[in-house]
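Below are the structure tokens for one structure; questions will follow.
In what follows, chains are A, B, ... by sequence order, proteins preceding strands, each numbered from 1.
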Amino acid sequence: VLHPLKSAIVLLMLALACCGGGQKASIQEARSGLAVSLTAVNAARDTMVTWSAAREAAIVQAATSKADGEAKLAAHRSRVDAAILLFTAAYTSIAAASSALALAAGEGKSPLEAVLLTAEAVKAVIAVRQAVAVLKGGGS
Amino acid sequence: VNWEAIAKLLGSALVIISSVVEQKGSDELKAELAGLTSLLTTLRAGQVADLDEATVRAELDSFIARVMADRQGADAALAARFPDKK
């Protein structure tokens, strides 16, 4: 599952390298990098959603009382919510970079801003993946 | 590299692995498998070629909806396990 993220970084570097050369090539490479980023963040999302649902079911099963279950579910959810904020940031970054790319492609402007936004999106995806790994590793 | 062929091959392998994991795997493994399945589904559908802001926003919205639905399910299961005494 890590492969798409590595690909995104490689593609992003290519995009940056293309900035001084063909504008069209930069846009295409950045677009590919964004698409791979979206795939990677979706995969991380599905991993987390599945894990979280299983965890909640286990908490309910192990609860000794309703209050105990509610407290443990609340603790689990507060940790998941922190990761959800990172996911929201990642999706928002990808959307912003995607719009900037469409604008650059449509108006024939320099893709530099779009490429920089793509770099931000890739960073956000990396943060998401790290957060999911920490969340799952720490239990709850 | 023929990514489409690789994705199809991995998809077939995943079906076999999934059936084993569903029976014997841990929650951890099942979660990883869900991520991998999502990745392959996307690759096989060729969705990586179509990217626009609306698509990205829709992914986020469906994510939040899934989390909320799962939480409601857990709350209902907890309430069923410990019904309020009248």
Subject >> pair A:Tyr91-B:Arg57: side-chain heavy atoms closer than 4.5 Å >> reply: no

Original post:
For B:Ala74 and A:Val60, which heavy atoms make the closest approach, and how far apart are they?
Top reply: O-CG2, 3.6 Å

Subject >> Separation of B:Gln72 CD from A:Glu56 CD (nearest 0.5 Å) >> reply: 11.0 Å

Original post:
So does B:Asp75 pair up with A:Arg77, basic N to acidic O under 4.0 Å?
Top reply: yes

Original post:
If you count heavy-atom pairs under 4.5 Å with chain B, which of A:Val132, A:Asp81, A:Val41 comes out on top?
Top reply: A:Asp81

Original post:
Can you tell if the side chain of B:Phe63 reaches within under 4.5 Å of the side chain of A:Asp46, non-hydrogen atoms only?
Top reply: no

Original post:
What part of A:Ser52 lies closer than 4.5 angstrom to a heavy atom of chain B: side chain, backbone, both or neither?
Top reply: neither

Original post:
What distance do A:Arg45 atom CZ and B:Ile64 atom CD1 have between them, rounded to the nearest 0.5 Å?
Top reply: 10.5 Å

Original post:
CD of B:Glu59 to CG of A:Leu38: how many Å apart, nearest 0.5 Å?
Top reply: 5.5 Å

Subject >> Distance (rounded to the nearest 0.5 Å) between B:Leu78 CG and A:Lys72 NZ >> reply: 11.0 Å

Original post:
Would you say A:Leu86 and A:Leu117 are hydrophobically clustered, going by side-chain heavy atoms of ILVMFWY under 4.5 Å?
Top reply: no

Original post:
Which of residues 63-71 of chain A get closer than 4.5 angstrom to chain B, counting heavy atoms alone?
Top reply: A:Ala63, A:Thr64, A:Ser65, A:Lys66, A:Gly69, A:Glu70

